[in-house]
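All chains are named by letter (A, B, ...) in the order of the sequence lines, taking the proteins before the strands, and each is independently numbered beginning at 1. Quick caveat: nothing in here was measured; it's all calculated off a predicted structure.
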Amino acid sequence: MVSRPRPVPLRPPRLGQGPSPTNPRTPMSAHLLEHAPESEPQAAEAMGPAPQEEHEKGRDAFESEEDYRLYCLRHSAAHVMAQAILQLWPQARLAFGPPIKDGFYYDIDIPGVTLTEGDLERIEAEIKAVVKENQTFEREEWTKEQAVAWFGARGQVFKVEHIGRLPVEKVTIYRNRRKDGGEFVDLCGGPHVMRTGQAKHIKLLKLSGAYWLGKAENPQLQRVYGTVWPTREALDQHLFRLEEAKKRDHRKLGTQLELFMFHDWAPGAAFWLPKGEFLYDLLGSRMRALLAGSGYDVVKTPLVFDKKLFETSGHWDHYQENLFHFPEGHFLEGQQEGAGAEGEQEPRILGLKPMNCPSHMLIFKSRKRSYRDLPMRIHDQGVLHRNELSGALSGLTRVRQFQQDDAHLFVAEDQIAQEVGRLLDLIDRVYAAFGMTVELNLATRPDPKLGSDELWDRAEEGLRQALVASGRSFGMHHGDGAFYGPKIDFDVYDALGRAHQCATVQLDFNLPRRFELSYVGADNQAHTPVVIHRAVFGSFERFIAILIEHYGGNFPTWLAPEQVRVMTVSEKSLEHGAAVTAALRAAGVRVHFDDGDDKIGYKIKMCHGMKVPYMAIIGEDELANGTVSVRSRDHGDLGSMQVQDFVDRLVAESVIPF
RNA sequence: GCCGAGAUAGCUCAGUGGUAGAGCAGCUGAUUCGUAAUCAGCAGGUCGUGGGUUCAACUCCCAUUCUCGGCUCCA
């Protein structure tokens, strides 16, 4: 029952992390300090004075001064935008407008108005006016009665509702006075920057829907996203970074590199084309081999189960909306009415498994287990289906059919620390191979939870010990564990500094109980094992999407579906080209021979488009000398070398580094 | 599922009620060429699907499917 790892929002890259070929980051702190560049007179004003101090969320809440100041700036930008929107649509009702990673948003309801992309420009123009006025953010404290009266009189129903929920005596409000005598007043805990002029480098990005308080039964609001930075340069860099990310979009590269496709008739399920299937298979088979050699039992389990399995696991009650299920038998159009007639037995209900864990419980339970069998590790790359909401599907990152490098470890309580230690090593080893860094956090007991405090104490302590023993630094996510057990959250950072959650290690006290698992201990008594859900890649689909974007499609030689393209200069060298191709192929190199009659420049251009790591150019010189002229995708013309040297080089670079 | 946007040739895209276009890719021919696009010709689309309005619909309206941006969900 491994929770599906989810992408997490962009985070800034950490120093010293993996390869950052296009690491666009500029040290922000420089801009945020007192002395701004001379060319940016506004910036001196913008970043000079520290943000206002008297507020609920203080400096201490942030990791760095830089984070703190950006938070204030972005929070303030949301106010500036809200003011602009109220100028354009006085009937607008404001909900929440928080700062977020790289920017801010504001949720707004404008009765009778649906914002369009074109409106963003209008709002931006109005924002410029507010920025230019350089209004002061004036902080005031009001009683709740005052605030309710003020916002109520102005139709700000969301603010009024929110005030009612605030567990405080007095609320803070921030006031901006306009030159035309008007003013913008917003309920807000702060903190803010001093003046609206500081939000000069701002850009609105997109529109979307969002529910009031995030609940689908509540009214839907319009959310306007924007980004704001201390300097023009930082804003431009951020916009450039967004463009870069767009170029690396796995959906675009997936088409361009012929890795996978989708079809309307199988929404949320990928077709893996030969080159994509190569990646999929390489990762899967390598992982299977790796695990089989380190004490795992590799299995394959059914896709379709009687609903009883899911009733036992609890999925039927708690996960049914994501479960594909159907009555056994044939679906005949027009015959549904007759079903369930008197005397007829209810058809058996079948479901497609959304997770592997229940099947693994059945395997454990299939015979009497001894403490000598533990830890028992079952690995399964079975096909899983989850009926995700149609609007949630997105490329390979959000699909309905996928596979995981999933395993369940059945352990005795006192084996938790050691097993988790092994997992940390494994996860490090794998992510290091891709040049990705991993950050760890221990997620502890939530409320409500299953199991006694003593059990949680021991389990959390086991995880903590494993983390400490590994020598890795880790943080705490208090209360973020699953209700059935604590877990370790892994944040994996890619080349663009974006964090993803792929790997997972979760303890589970629940499933062993539901399936009534037990093993015989050395004391000849029955004991309940603890289950550890664990995955390294998570879903192959999403991991491959991350890899595509991490490398920008430029896969290293060991991973590239096509490693070398041999290309002839003219038909005079066809024979030598074929011989070189054969030599590479005989050595196991993934090679394609371009023997067409196009010019060599054109062949190179096409080959670059497919991001093949090496080109072997074969002309009359190479024919005469028995050599190849090698061009690298990443380093250009490497000159000529002996065929065997080239083959050796490719073979050496083909070693899978994990 | 909800809000918004979109769907035109294999790909990227133009086309605001009057007979569907471009570039690349493809095919055929010519060309045999040395490190990021050789030339010419040909072929290719029921404009996502189904209804409707209209003399006339890629274009306007309705429904629907899928995709995208978010929300939501992921015990």
- request: State, without any angle test, whether A:Asp102 and A:Thr227 hold a side-chain donor-acceptor pair at a distance under 3.5 Å.
  value: no

message: Within the 4.0 Å heavy-atom criterion, would you say A:Ile600 contacts the bases, only the backbone, or no part of the nucleic acid?
response: sugar-phosphate

field: Euclidean distance, atom CG of residue A:Leu393 to atom P of B:rG69 [Å, nearest integer]
entry: 11 Å

field: Phosphate OP1/OP2 of B:rC3 contacted by A:Ser208 side-chain N/O (<4.0 Å)
entry: no

- prompt: Touch check for A:Glu620, heavy atoms < 4.0 angstrom, all strands: base, sugar-phosphate only, or nothing?
  reply: base

- prompt: In terms of ring plane angle, is the pair A:Phe364 and A:Phe410 parallel, tilted or perpendicular, where the classes change at 30° and 60°?
  reply: parallel

query: Counting side-chain heavy atoms from CB outward, which of B:rC73, B:rC11, B:rC74 is closest to A:Thr255?
result: B:rC11

field: Nearest-nucleotide pick for A:Gln220, side chain only, options being B:rG1, B:rC74, B:rG70
entry: B:rG70

- prompt: Given B:rA36, B:rC71, B:rG34, which nucleotide is nearest the side-chain atoms of A:Tyr225?
  reply: B:rC71

message: Let's test your reading of the model: under 3.5 Å, does the base of B:rC73 pair with the side chain of A:Arg386 as donor and acceptor?
response: no

query: With a 4.0 Å cut-off on heavy atoms, is A:Asp621 in touch with a base, just the backbone sugar-phosphate, or nothing at all?
result: base

- prompt: Got a minute to check which stems RNA chain B is part of, using Watson-Crick or G-U wobble pairs under 3.5 Å, three or more consecutive?
  reply: B:1-7 with B:65-71, B:10-13 with B:21-24, B:26-30 with B:38-42, B:48-52 with B:60-64

query: Which part of the nucleic acid, if any, lies within reach of A:Gly619 when heavy atoms closer than 4.0 Å are counted: base, sugar-phosphate only, or nothing?
result: base

query: Is NZ or CZ of A:Lys206 both nearer than 6.0 Å to the six-membered ring centre of A:Tyr225 and within 45° of the ring axis?
result: yes

- request: Would you indicate which nucleotide in B:rG34, B:rA36, B:rC73 comes nearest to any side-chain atom of A:Asn322?
  value: B:rC73

Presence of donor-acceptor pair under 3.5 Å, side chain of A:Asn510 and base of B:rA75: yes

Rounded distance (Å) that lies between atom P of B:rC74 and atom CG of A:Asp406: 19 Å

field: Per A:Arg631 side chain, nearest of listed nucleotides B:rG34, B:rU38, B:rU35
entry: B:rU35

- prompt: Which nucleotide, B:rU72, B:rU38, B:rG34, lies nearest any side-chain atom of A:Tyr211?
  reply: B:rU72

query: Do A:Leu323 and A:Pro354 come within less than 4.5 Å of each other through their side chains, counting heavy atoms only?
result: yes

- request: Look at all strands and tell whether A:Glu258 reaches a base, only sugar-phosphate, or nothing, counting heavy atoms closer than 4.0 Å.
  value: nothing

- request: Give A:Gly609 one of three labels, base, sugar-phosphate or nothing, depending on what nucleic acid heavy atoms sit under 4.0 Å from its own.
  value: nothing

- prompt: Can A:His500 and A:Asp494 be counted as having a side-chain donor-acceptor contact under 3.5 angstrom?
  reply: yes

A:Ile604/A:Met567 under side-chain contact (heavy atoms from CB on, under 4.5 Å): CA gap, chis, key distance, verdict: CA-CA 8 Å; A:Ile604 290 169; A:Met567 47 187 75; 3.9 Å; yes

message: Nearest whole Å is fine: how far is B:rC71 P from A:Lys206 NZ?
response: 8 Å

message: Looking at B:rA75 and A:His315: do their rings stack (centroid distance under 5.5 Å, interplanar angle under 30°)?
response: no

query: Is the shortest side-chain N/O distance from A:Lys572 to OP1 or OP2 of B:rU32 below 4.0 Å?
result: no

field: Proximity to the side chain of A:Asp598 - top-ranked nucleotide from B:rU38, B:rU35, B:rC73
entry: B:rU38

A:His360 and A:Asp380 side chains, donor-acceptor separation under 3.5 Å: yes

- prompt: Which listed nucleotide (B:rU38, B:rG70, B:rA75) is nearest to the side chain of A:Arg223?
  reply: B:rG70

query: Can you tell me if the side-chain N/O atoms of A:Arg251 get under 4.0 Å from OP1 or OP2 in B:rG69?
result: yes

query: Contact class for A:Ser394 (heavy atom, under 4.0 Å): base, sugar-phosphate, or nothing?
result: sugar-phosphate

field: A:Asn625 CG - B:rG34 P separation (whole Å)
entry: 17 Å

- request: May I ask you to verify if any side-chain N or O of A:Tyr602 is less than 4.0 angstrom from the OP1 or OP2 atom of B:rU32?
  value: no

message: Closer than 4.0 angstrom, basic N to acidic O: yes or no for A:Asp637 and A:Arg631?
response: no

query: Can you tell me how far C1' in B:rG15 sits from the matching atom in B:rG4, rounded to whole Å?
result: 24 Å

query: A:Leu115 CG to B:rA5 P: how many Å, rounded?
result: 11 Å

side-chain N/O A:Ser629 vs B:rG34 OP1/OP2, d < 4.0 Å: no

task: Would you mind reading off the distance between A:Phe104 atom CZ and B:rG70 atom C1', rounded to a whole angstrom?
output: 16 Å

field: Nucleotide nearest A:Ala210 (side chain, heavy atoms from C-beta), chosen from B:rC66, B:rC71, B:rU35
entry: B:rC71

message: Checking side-chain polar atoms at under 3.5 Å, does A:Asn322 have a donor or acceptor matched by the opposite partner on A:Asn387?
response: no

message: As a test of reading the structure: which of B:rG69, B:rC33, B:rG1 is closest to the side chain of A:Leu389, going by heavy atoms?
response: B:rG1

- request: Take the protein atom CG of A:Asp264 and the nucleotide atom C1' of B:rG6, then report the distance between them rounded to whole Å.
  value: 13 Å

